[in-house]
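Per chain, numbering begins at 1; letters A, B, ... match sequence-line order. Heavy atoms only: backbone and side chains are in, while hydrogens, waters and symmetry mates are out. What you are looking at is a predicted structure, and each value in this text was computed from that prediction instead of being measured.
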Amino acid sequence: MANAHAVKRYRGIMDWLTTVDHKKIGKLYFGAGAFFFLLGGIEALLMRIQLMYPMFDFVSGQTFNELLTMHGTTMIFLAAMPLVFGFMNAVVPLQIGARDVAFPFANALGFWTFFFGGLLLNLSWFTGGAPDVGWTAYVPLATEPYSTRGVDYYSIGLQIAGIGTLLNGINFLATIINMRAPGMSFMRMPLFTWTTFVTSALILFAFPAFGIGIMLLTFDRLFNANFFDIAMGGNAVLWQHIFWIFGHPEVYILILPAFGIISEVVSTFSRKRLFGYSSMVFATALIGFLGFMVWAHHMFTVGLGPVANALFGVATMLIAIPTGIKVFNWIFTMWGGKIRFTTAMTFAAAFIPSFVMGGVTGVMLAVPPADFQYHDTYFVVGHFHYTIVGGVVFGLLAGTFYWWPKMFGKKLNEKLGQITFWTFFVGFHLTFFIQHFLGLWGMPRRVYTYLEGQGWDLPNYVSTIGAFLMAISTVVLLINVVITTIKGEKAEADPWDGRTLEWSIASPPPEYNFKQIPLVRGLDAFWKEKMEGKKEMTPAEPLQPIHMPGPSILPFMMSLGLFILGYGIIYHRYEFDNAFLGMLFNSKFVAILGAVIFFGCMALRSLFDDPGYHIEVEELQEKEVRA
Amino acid sequence: MDRHPARADGYYEKVGLMELIRWQKLKRVFPLLLAFSLLLSGCSLTGTEPGPLDPRGETGQEQLTLILLSTGIMLFVMVVVFVLFFYVIIRFRQRKGDNEIPKQVEGNHKLEIIWTVIPILLLTILAIPTVAFTFGQATDYTEDPDAMLVKVTAHQFWWEFEYPDYGIFTAQDLVIPVNTTIQFELTASDVLHSFWVPALGGKMDTLTGITNKMYLKAEETGVFKGKCAELCGASHALMDFKVVVYTQEEFDAWVAKMQEPVVVSEDVARGQEVFKSKCMACHAVDSSIPSIGPNLDGFASRQVLAGYLPNTDEWLVEWLTATQELKEGTTMPQVPLTDEEVEELVKYLRSLK
C-alpha cells in the first residue's frame, strides 16, 4: 500500500551506501570531512612540534614536506570543502522549500567520488611516501625525478575527488535555479542559499581548470608528456597560472559559504533581518566575479613584469570593498538587536574581528613591492590561516552548533560548546598572530627547521602552544558530539527562533522534508509567518502522494571503479618485486577492470530507469500522528 | 530548569562560560593576547637582525615605506571595525527577561554609501604609491655602466654567483660592494627556487629555463643572510647563503684575490691529490671556470659551510663523512673517504683562502 512500486528501502550500512537523500549525503559529507579535518589537524600538530625548537629533530625534512603538502591538500580539498558541502546538502534544499536536490543520484555520486579520491590520496602514506611538493605542486619539483610517487596519488586522487566537486557545483546550481518553492524569488533566498549559488558557479568555472592542470601533470609523470618539461620546451610558469586561476577562486569557494553561515547565524541570534540584504547579495556576486580576476597576485615574484603586477595588485585591493560592505552589514545587523550569545553566535561574532584581521593583511599583500618581502614567508602563512581558520573554520563551527539540531535532532551541549569556543579562539590567535611577525623577521614558510639566534625561537614556541590549544578545543568538541549523541536533549523543530524555512519542519526532517511544499511570502519566510501569529507555513499544494527517488548502490560502485582505475594508472608501469602484482598492473588489467566497473555501472544507470517510489498520503498522515 | 527561575525564559540565559567571563573582560583579553605573544617572543617589533622591518638597502627601504603605509591604513580600518564591533556586542546583548522583538531594519542607503566610498578612497591612497613603486622597482640596470651585473643560478640546495665583468664564479657567499646598484640575472638549474636577502629587499623567483631580473643596493657594509624562499625539496630550509657587503676597496681586493691563480703549497699536496681523484669531477677550485658543484675557490674565507654550518674544521670533517645526514637529498653523494684522506682534504680545503 505505502510503496506502490517494489522498491527496496535499505537499513543499516546498506542504507548509507545506497542513499540518495540529500540529508543523509550531507551527514556523510560531514562525517568524512570531520575525519579528514582531524587527520589534517594531526599533520599540523606534527609540524608545529617539529618547529617548536630550532634545529629540532622530530621529523626529517622529507617527512616535513610530506606533512605540509598533506596538511594543505587535506584541509582544503578533503576537510573544508566536504564540510561546506555537508551544510549545503543538509540545509539548502530545506531553505528553498524543496524535497531534494535536482539530481539526487549525481549527488550521491559526488560524495563517493570525493570519498574514494581522498582515500586514494591518503593511501600514499603507506606506499612509499605522501606527496612532498606543497599543495600547490609547483613544477618542476612536482615532476620526476624531484618528487615521490606521492605526487601521482595527488594528481589522480584529486582528479577523482574533483569530479565529485564539479558534480556538486552543477547540482546546486540546478537545484537553486529550478527547485525553489512557490514565492521564493531569488531576492527572497536566504543568504546561505545565495552564497551556495555563487560558490557553485565558481566551482563550475574553476574546477575544470584544475582538472586539466592535474591531467597535464599526470601525463607528464606517467605517460612521458612534456607540458612542464623545460628541456623539451615545456614551461614552468604555465602550471602556476593554471593552478592559481583555479586556486584563487577556490579560497572564495570556501569563504563564501562561511559568509552565508555567518549571515544566517548573526541575523537569527540578533533577532533582526539581515541589514542591507540586497547589498549582501550584490557583494557576494561581486566577490565571486573579482575572484577570477586576481590569480596572479600569488605570482608577484615570478617576474611577470610591472604591468601585470600593478594590475593584479590593484584588482586585488578592489575585493576589500565588497568584503567591507559585508562586515559592516553584519555589525549593523547586530546593531539594535537582542544578541543571544549561544555557542553558534559566539563563533559568528568572533569571526568578524578575526576575519577582518585576515582581510587587512590580504590588502597589504596586494601591494606588489611589499609582497616581494612577504611572499613565501610566515606572514603569508599567518594571513591565510586568519582567513581560512578565522574565517572558514569559525563559520563552519558556528554552522555546526547552529544546524546540529536540524541535522541530528539533538542540541549540542552549550557549556562544552563555550569551552570549545574559548580554547579555539585563544589558541587560534596565539598560533597565527605571531606568525605575521615571524614572516616580517625573515622566516620563510615551508621550512622544516631554522637556526637559532634569529629571534624566531620563542615565537615558534608560542605558536606551537596555540596549536595545542586548538587541538584541545577539537577534542572537547568531539566529546560534546559523543555526549550529545548518547544523551543530548532532543531538539524542537525551531530551537533558535529561526527565520528561514528549515526551521518550519521537524528536527530532523522526514525523508520527504515538506509534507506540502510551503508558500513563501517574503524574505525570512518562516519568521514572517511567525510574526503574523502562525505556527507553520501556508501550504502551496494539496496533500498528495510524494514521489521519491529510489536508493542505488551504483554511485558507490562507480566511485570504486574510478578508485581501482586510478590505482591501475599510478602503477601501470611500475616495476614490482612481486611477479604476480607486476603482471596485474603492467598488463593494465587493474586499470581496465576499474574502467569496466565504472562504465558498466554507467550503462546500467542509463539503460534501466529508476522508477523511484511514492510515499502515500496515508503514510504521511500516519507519521504526522506519530510525531 | 526550575532551579533557575530567573533564567527560565530562555535556554541561552543558562550559565555558560560567557556569563562567567563577561564580554567586558574580552577587552582585556585582546591586548593581553597581543602583548603576551610579543613579550614572550622577547623581540622588538623589528626583529633581532636586519630584515624587512629594519632594511639596509634602498629597495628594502622603499618596500618598508609601503609596508608601513598599508599597515597604517589597515590599522585605521581595524580600529573602526573593532570599536563598532565591541560597542555592538556589549550594548546590544539581550538582557534577562527582555523578549521584545527588535525593530526589523532593511538597510540604510546613506550608511551603505559611506562604507563603500571610504574604502575606495583609502585604497586609492594606497594604490597610487603601489603602482609607482611597482614600476620603479622593475627598472633594468643592465646597461647602466655604474651598476654591477651578477648572475645567480640556484641549485638544489646551493647558490652559484657569476660576475661576468670580472670572470669570477663563486658560490654560497655573494660578495658585493656597498652603495652600488647590483643588477641580478636570476635562473635555476633544476627546480624553482627564490632568491631572497631580507635585509636588502624583496625576493625574486629563480625559474628553470627563464631568466628574471632584479636589482638591489646595499647601503651598509656587513654580512646579511640570504634565503631560498620557494619550496625546493627536502633541504629547502637549509638552502641559505650569505651576502657580504664590502667597501669598494675591500671588494676590489677580493676580486683581485679571486682572479689570482691558486697556488698549492707543499704540505697540502697529498690533500690536493685526494681532491683531484674524489672531488674534482664536480668542484672547481679556480674561480674562472664554472663547475657542477659549488666552486671552491676562496672556500676557507667563506662565512659558512654548506650554506648553514659553521665553517670550522670539525664541521668540515662532519660534512665530508655525513653529507646526506647534514643536507638530506643534496646532490653531493657520500664520497667514500678514509680518515686519513679526510684529514688531508680538510688541510687542502683550508688552504683555499
Check your understanding: Does the side chain of B/Gln137 pick up a donor-acceptor pair with the side chain of B/Thr59 at under 3.5 Å?
Key -> no
Review point. What part of A/Met531 gets closer than 4.5 Å to chain B, counting heavy atoms only: side chain, backbone, both or neither?
Key: side chain
Point to revise | Contact class of B/Lys213 relative to chain A, heavy atoms under 4.5 angstrom | key: neither
Check your understanding: Which bit of A/Gln240 is near chain B, if near means a heavy-atom gap under 4.5 Å: side chain, backbone, both or neither?
Key -> side chain
Exercise for review: Name the region of B/Glu106, side chain, backbone, both or neither, that has any atom closer than 4.5 Å to a heavy atom of chain A.
Suggested key: both
Check your understanding: A/Tyr138 and A/Trp239: ring pair (Phe, Tyr, Trp, His ring centres under 6.0 Å), yes or no, with the steps?
Key -> CA-CA 7 Å; A/Tyr138 276 13; A/Trp239 166 265; 8.0 Å; no
Point to revise | Contact check, side chains of B/Leu238 and B/Phe157, non-hydrogen atoms, under 4.5 Å | key: no
Exercise for review: Heavy atoms only, distances under 4.5 angstrom: which of B/Ala229, B/Gly136, B/Gly51, B/Ala188 has the most pairs with chain A? Name it, please.
Suggested key: B/Ala229
Exercise for review: Go through the atoms of B/Glu62 and report whether side chain, backbone, both or neither lie under 4.5 Å from a heavy atom of chain A.
Suggested key: neither
Review point. Quick one: does A/Leu68's side chain get under 4.5 Å of B/Leu231's, heavy atoms only?
Key: yes
Check your understanding: chain B: which of A/Arg446, A/Met299, A/Arg273 shares the most heavy-atom pairs with it under 4.5 Å?
Key -> A/Arg273
Revision key, fill the gap. Looking only at A/Ile352, A/Asp497, A/Asp457, the option with the highest number of non-hydrogen pairs under 4.5 Å against chain B is A/Ile352
Revision key, fill the gap. Turns out that what part of A/Val307 lies under 4.5 Å from chain B's heavy atoms comes down to both
Study note, to complete from the structure: So, the part of A/Val302 with a heavy atom under 4.5 Å from chain B: the answer is both
Point to revise | Proximity breakdown for B/Asp54 and chain A, heavy-atom pairs closer than 4.5 Å | key: neither
Point to revise | Winner by heavy-atom pair count (cut-off under 4.5 Å) against chain B, out of A/Phe64, A/Tyr461, A/Phe328 | key: A/Phe328
Revision key, fill the gap. Cut-off 4.5 Å, heavy atoms of chain A, and the answer for B/Lys227 is side chain
Check your understanding: What option among B/Gln156, B/Arg91, B/Met214, B/His109 has the most heavy-atom pairs under 4.5 Å with chain A?
Key -> B/Gln156
For residues 121-134 of chain B, which side-chain donor-acceptor pairs fall under 3.5 Å, sequence neighbours excluded?
residue, atom, partner, partner atom, Å
B/Thr124, OG1, B/Ile120, O, 2.6
B/Thr130, OG1, B/Leu126, O, 2.7
B/Thr134, OG1, B/Thr130, O, 2.5

**Study point:** Minimum side-chain heavy-atom gap A/Tyr374-A/Met364 below 4.5 Å
**Key:** yes
Point to revise | Selection from A/Thr377, A/Asn65, A/Leu318 maximising heavy-atom pairs under 4.5 Å formed with chain B | key: A/Asn65
Revision key, fill the gap. When rounded to the nearest 0.5 Å, the distance separating NZ of A/Lys272 from CD1 of B/Ile101 is 13.0 Å
Review point. Would you call the rings of A/Phe425 and A/Trp422 parallel, tilted or perpendicular, where under 30° means parallel and over 60° means perpendicular?
Key: perpendicular
Practice item. Count the heavy atoms belonging to other residues, nucleotides or ligands that lie under 6.0 Å from CD of B/Gln324, then report whether that count exceeds 12. Key: yes
Study note, to complete from the structure: Okay, A/Ile331 and chain B: the region with an atom under 4.5 Å from a heavy atom over there is both
Review point. What class does the angle between the rings of A/Phe332 and A/Phe275 fall in, given that below 30° is parallel, 30 to 60° is tilted and above 60° is perpendicular?
Key: tilted
Exercise for review: Sort A/Tyr277 into side chain, backbone, both or neither according to what part of it lies under 4.5 angstrom from a heavy atom of chain B.
Suggested key: backbone
Revision key, fill the gap. Answer key: most heavy-atom pairs under 4.5 Å with chain A among B/Ile210, B/Asn108, B/Leu64, B/Thr65 is B/Asn108
**Study point:** B/Lys203 with A/Asp376: basic N within carboxylate O range, under 4.0 Å
**Key:** no
Check your understanding: Any side-chain heavy atom of B/Trp196 within less than 4.5 Å of one from A/Pro444?
Key -> yes
Check your understanding: Looking at B/Thr206, B/Thr208, B/Leu111, which makes the most heavy-atom pairs under 4.5 Å with chain A?
Key -> B/Thr208
Study note, to complete from the structure: Answer key: most heavy-atom pairs under 4.5 Å with chain A among B/Gly209, B/Pro55, B/Gly233 is B/Gly233
**Study point:** Pair B/Ser194, B/Asp205: side-chain N/O donor-acceptor within cut-off below 3.5 Å
**Key:** yes
Practice item. Counting only heavy atoms closer than 4.5 Å, note whether A/Val327 contacts chain B via side chain, backbone, both or neither. Key: side chain
Review point. Do the non-hydrogen side-chain atoms of A/Trp330 and A/Met280 ever get within less than 4.5 Å of each other?
Key: yes
**Study point:** Contacting region of B/Glu230 [heavy-atom separation from chain A under 4.5 Å]
**Key:** both
Revision key, fill the gap. Whatever's closer than 4.5 Å to a heavy atom in chain B on A/Leu141 counts as both
Review point. In terms of heavy-atom pairs under 4.5 Å, which option from B/Cys232, B/Pro119, B/Pro50, B/Ser235 contacts chain A the most?
Key: B/Cys232
Practice item. Pick one of side chain, backbone, both or neither for A/Leu274, based on which atoms fall under 4.5 Å of a heavy atom in chain B. Key: backbone
Without placing hydrogens or testing angles, list every side-chain donor-acceptor pair under 3.5 Å for residues 66-87 of chain B, not counting sequence neighbours.
residue, atom, partner, partner atom, Å
B/Ser70, OG, B/Leu66, O, 2.9
B/Ser70, OG, B/Ile67, O, 3.0
B/Thr71, OG1, B/Ile67, O, 2.5

Practice item. May I ask you to test the A/Asp229-A/Thr143 pair for a side-chain heavy-atom distance under 4.5 Å? Key: no
Revision key, fill the gap. Per-residue tally against chain B (heavy atom, under 4.5 Å) across A/Arg445, A/Gln373, A/His375, A/Lys338 peaks at A/Gln373
Check your understanding: Any idea which of A/Ser147, A/Pro369, A/Gly439 has the most non-hydrogen atom pairs under 4.5 angstrom with chain B?
Key -> A/Pro369
